[in-house]
Amino acid sequence: MGVKQATLLSTLFSAVIASPAQQVSSIQHVPSTPSYLTPAIDTAKWNAATEQANALIEQMNLTEKSTIVTGNLGVGCIGNVKPIERIGFPGLCMLDGPTAVHTGDLASVFPAGVTVASAWDKDLFYQRGFLLATEFRGKGANVFLGPVAGPLGRNPLGGRNWEGFSPDPYLTGIAMDLTIRGNQDAGVQVSAKHYVGNEQETQRSNTPHDGKPVDGISSNIDDRTMHELYVWPFAHAVRAGASSIMCSYNRLNFTYTCENPRALNQILKQELGFDGYVVSDWFATHSGVKAITAGLDMTMPGPIDPSDFSKSYFGGNLTAAVKNGTVSETRVNDMVKRVLTPYFYLGQDKDYPTPDPSVAGVMAQTYGRDFPDSPQGRDVRGDHAKFIRQTAAEATVLLKNTNSLLPLKKPMPSVIGVFGNDAADLTQGMVYDGPRLDVPDFGFDIGTLVIGGGSGGGRNSYIVSPLEAMKARAKKHDCRLQYITDNAVIAKNDFVGIYPIPDVCLVFLKTWAREAVDRLAFEADHNSTQVVNNVARKCNQTVVITHSAGINTMPWANNPNVSAILVAHYPGQETGNSIADVIFGDVNPSGRLPYTIAKKEEDYNTGIFNLTGPSRTDSSAWKVDFDEGLFIDYRHFDRKNVTPLYEFGYGLSYTTFDFSKKASLSKKKLNIPQLPPKASQNRPGGNPELWKEVLRASTSVKNTGSISGATVAQLYLAFPQDSVPAGTPKRVLRGFEKVRLRPGESKKVSFPLTRRDLSYWDVTAQEWRMPRGEFTVHIGFSSRDLPQEVGFRVG
């Protein structure tokens with residue numbers, strides 16, 4: 001979700017909700033992780049909620065119906081549906097974002113989407129979703145604006161990639177599915193976003209240039225690519241029971257997504273069987289009748305333009321459209337039913353917390369405005385810090401570990417050096433969002449980076465910096481600790497403040513990213529390469545730790561004095577403790593890359609599109625043709641036989657693993673129709689036949705090392721190349737399992753494969769087709785480390 005904050009704030013905080021100062025107790029119990037193969041929606045319960053919604057609709061007049069589907073700016077949350085006291089409806093409160101209660105005081109900042117994706121752990125996906133939602137519920141938010149599957153990550157420098165999970169649709173799909181189940185099991189609606197094709201921030205929406213109105217960028221995507229890449233994870237979101245889908249800012253094939261009937265009515269509501277409501281991103285509505293007819297059910301935050309709050313495409317214009325016959329009242333009833341059914345389904349009509357009075361004040365402060373009354377917020381954090389610390393540590397990706405330098409163990413180094421501006425405490429407060437939306441920047445200079453900026457960020461109630469954590473560890477182990485946290489000093493090769501030269505040097509790098517702007521470079525920020533090389537020149541046991549929004553090139557990776565590399569992404573508030581746990585071996589890192597790291601930036605095949613000069617004011621010129629089709633990230637590297645620096649799915653451990661049993665399949669031949677049987681009605685997620693398991697692959701993994709640890713067994717599927725259309729990737733991810741093992745222990749691992757997993761989108765039949773021929777199942781520990789291979793035949 002995005003907001004034009006500067007202009008919006010002038011009226012957003014005109015009212016503060018009065019409510020009891022409720023306190024939220026710690027949530028000790030997280031339900032067991034459900035299977036993503038099982039439908040999330042209880043049909044009988046949903047039907048009962050629909051009856052409740054219809055009964056309430058019968059009591060409403062047309063003006064009240066329009067109120068339900070039109071945002072209102074004056075009641076305190078980032079998105080509001082106004083109460084209707086006459087019928088006892090208390091309204092809805094929506095809050096950002098996918099990683100934290102963005103405008104929450106005394107709320108936790110969790111690891112970002114890209115961080116938890118690096119864990120490749122289904123239990124952590126679900127647990128994070130559940131715990132996040134308990135905090136949103138505690139703040140009185142009916143709707144959690146997240147999680148994120150758009151951007152998927154087509155562009156490595158996309159400014160919001162970190163909010164989502166991975167450029168691989170399968171990994172993102174599973175993460176979306178289980179996050180949403182966790183969110184809604186805690187009683188909070190989700191708004192899965194941003195649907196669809198929102199793959200860059202540059203000109204993401206209608207932005208004027210030289211005083212001339214210019215439309216948002218058009219993502220021009222063919223039908224097969226839409227289904228197999230960009231819609232794929234949203235099918236998981238719908239299958240998981242998502243209450244809401246947020247349509248994105250951009251145009252899709254030259255029509256704004258929030259008024260695109262192909263995307264909303266045909267694919268989302270008909271094909272995927274979505275029964276919830278489509279809500280616009282903030283100010284992403286560009287029409288009334290056209291958008292409503294195309295499938296938009298709610299406009300947010302309400303007005304057409306942040307400079308004029310008196311007009312809305314919905315509201316009074318909607319009631320007028322019904323009266324003049326351009327919109328039927330049946331369609332309005334459908335819109336309202338879609339909004340109210342999840343409200344009743346999740347029991348939000350019964351004893352739901354009222355919005356925290358502090359939210360409006362925190363929002364004002366976050367965006368640089370004074371607020372007359374700033375009450376302390378409800379403390380909704382519980383004991384979530386433990387989960388945050390453990391998850392961030394486990395999700396850390398160990399890319400290099402020469403001579404097993406890590407973990408640091410007895411005998412401990414006598415002198416440890418800490419270098420880099422990312423190691424230090426923050427110097428500009430507990431939240432940072434950049435100076436202006438229209439000026440790309442590199443974030444704050446001195447201070448550790450735990451989360452990105454914009455609506456996906458969060459306000460830290462505290463941060464444990466790496467330097468703070470390393471000081472505590474050095475004291476515990478009786479080591480000397482020396483440090484320089486000014487990159488400008490290190491880049492000038494000024495080490496006069498260090499004596500003696502440390503035995504081990506830890507270099508902390510960071511890469512800032514935020515909503516509304518895209519990244520400018522692949523390397524980490526703040527002269528990072530010079531910083532690493534200068535430290536490594538002094539210290540022959542250098543460890544580099546990156547806190548990053550995602551993909552970085554690492555021109556220093558093969559420096560012989562760089563002994564270890566740890567990728568920690570955006571780990572949340574416990575960042576220092578998490579990385580110290582890894583460095584000193586309290587946690588054996590088990591993260592794996594959710595993307596590919598190239599040797600050089602030219603190896604990537606997609607980039608941010610931007611225009612300069614006269615063409616900048618030409619709306620028709622703002623377009624990106626997704627000509628690469630299905631070939632993004634590792635699929636592109638495989639197709640071109642380009643060797644990456646570190647491949648998708650890669651990661652090391654402090655122990656070693658191998659397969660202890662040959663891979664096998666439950667069937668060697670499938671005699672089933674190529675097209676799925678027609679469903680009488682598509683359920684959430686689409687035709688139920690697509691989600692049925694048709695095959696299962698199995699193997700066994702063994703810990704061959706001397707300490708306990710976890711690995712990720714990964715399954716990649718190769719389609720029969722003689723019976724699939726041109727443009728089919730060499731291999732695609734179709735299964736993964738996190739396996740925790742003691743030394744010498746083996747465990748069986750199984751990978752269920754559904755009809756959908758084995759199919760491609762047939763653009764002629766407009767259906768998922770399972771090709772005939774020989775499939776190959778590859779099982780291993782990364783996209784390029786696949787020692788196990790077994791085949792089966794269809795037809």
Side-chain angles (χ1 to χ4, degrees), residues 66 69-70 149-150 191-199 204-206 215-235 237-238 242 244-281 283-300 304 312-314 317-318 321-322 324-339 619-620 623-626 681-682 684-687 761-767:
S66 71
V69 299
T70 306
S191 187
K193 60 186 192 179
H194 308 84
Y195 179 85
V196 63
N198 185 178
E199 294 299 318
R204 64 178 181 171
S205 190
N206 56 318
D215 284 326
I217 195 163
S218 178
S219 297
N220 297 338
I221 312 174
D222 68 86
D223 193 31
R224 185 183 179 196
T225 301
M226 271 282 289
H227 280 81
E228 293 190 35
L229 273 186
Y230 301 104
V231 171
W232 181 287
F234 283 101
V238 176
S244 172
I245 301 291
M246 183 189 294
C247 53
S248 54
Y249 284 121
N250 55 284
R251 290 178 292 166
L252 177 66
N253 299 329
F254 293 109
T255 299
Y256 277 109
T257 307
C258 291
E259 55 187 35
N260 190 307
R262 170 67 175 156
L264 302 184
N265 279 337
Q266 294 179 29
I267 296 178
L268 184 59
K269 291 184 175 180
Q270 295 175 22
E271 184 185 314
L272 297 184
F274 177 60
D275 290 330
Y277 57 99
V278 178
V279 60
S280 71
D281 205 336
F283 299 105
T285 304
H286 298 284
S287 63
V289 173
K290 182 179 180 181
I292 290 166
T293 304
L296 182 64
D297 301 303
M298 178 188 288
T299 184
M300 276 290 164
I304 293 173
S312 174
Y313 286 116
F314 286 22
N317 280 328
L318 173 56
V322 172
N324 67 27
T326 53
V327 173
S328 70
E329 191 158 1
T330 299
R331 169 63 181 129
V332 177
N333 290 343
D334 174 64
M335 296 161 69
V336 178
K337 179 194 70 175
R338 287 173 175 274
V339 173
S619 291
S620 65
K623 65 182 181 69
V624 177
D625 299 326
F626 286 36
Q681 180 183 4
N682 282 352
N687 187 337
W761 180 253
D762 186 325
V763 298
T764 302
Q766 288 293 291
E767 188 55 272

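Note that this is a predicted model, so its numbers are computed, not measured.
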Self-check item: Asp281 with Arg204: basic N within carboxylate O range, under 4.0 Å
Solution: no
Is a donor on one side and an acceptor on the other found under 3.5 Å between the side chain of [X] and the backbone of [Y]?
X	Y	value
Asn265	Gln270	no
Ser280	Ala284	no
Asp762	Glu767	no
Asn333	Ser328	no
Arg338	Asp297	no

Please report the interatomic distance [atom1]([X]) to [atom2]([Y]), rounded to the nearest 0.5 Å.
X	Y	atom1	atom2	answer
Thr257	Leu252	OG1	CG	5.0 Å
Leu229	Glu199	CG	CD	9.0 Å
Glu271	Arg262	CD	CZ	6.5 Å
Asn220	Asp625	CG	CG	5.0 Å
Tyr277	Leu296	OH	CG	12.0 Å
His286	Thr255	NE2	OG1	11.5 Å

Quiz item: side-chain hydrogen bond (donor to acceptor under 3.5 Å, both in side chains) between Asn206 and Tyr256: does it pass, once the steps are laid out?
Solution: CA-CA 10 Å; Asn206 56 318; Tyr256 277 109; 4.6 Å; no
Quiz prompt | Aromatic ring pairing His227/Trp761, orientation class (parallel under 30°, perpendicular over 60°, tilted between) | solution = parallel
Minimal non-hydrogen separation, [X] against [Y], with atom names:
X	Y	result
Ser244	Ser191	OG-OG, 3.2 Å
Arg251	Gly216	NE-O, 2.5 Å
Thr70	Ser312	CG2-OG, 3.7 Å
Phe234	Gly150	CZ-N, 4.0 Å
Ala321	Val289	CB-CG2, 3.9 Å
Gly685	Val238	N-CG1, 3.3 Å

Self-check item: Test log, rule side chain to side chain contact (heavy atoms under 4.5 Å, CB included), inputs Val231 and Leu272
Solution: CA-CA 10 Å; Val231 171; Leu272 297 184; 3.9 Å; yes
Do [X] and [Y] have side-chain heavy atoms sitting under 4.5 Å apart?
X	Y	answer
Tyr313	Thr299	no
Phe254	Lys623	yes
Asp222	Phe626	no

Exercise. Take Val278 and Tyr195 through the test side chain to side chain contact (heavy atoms under 4.5 Å, CB included) and record every step on the way to the result.
Key: CA-CA 9 Å; Val278 178; Tyr195 179 85; over 6 Å; no
Quiz item: Do the side-chain N and O atoms of Asp223 and Gln766 include a donor-acceptor pair separated by under 3.5 angstrom?
Solution: yes
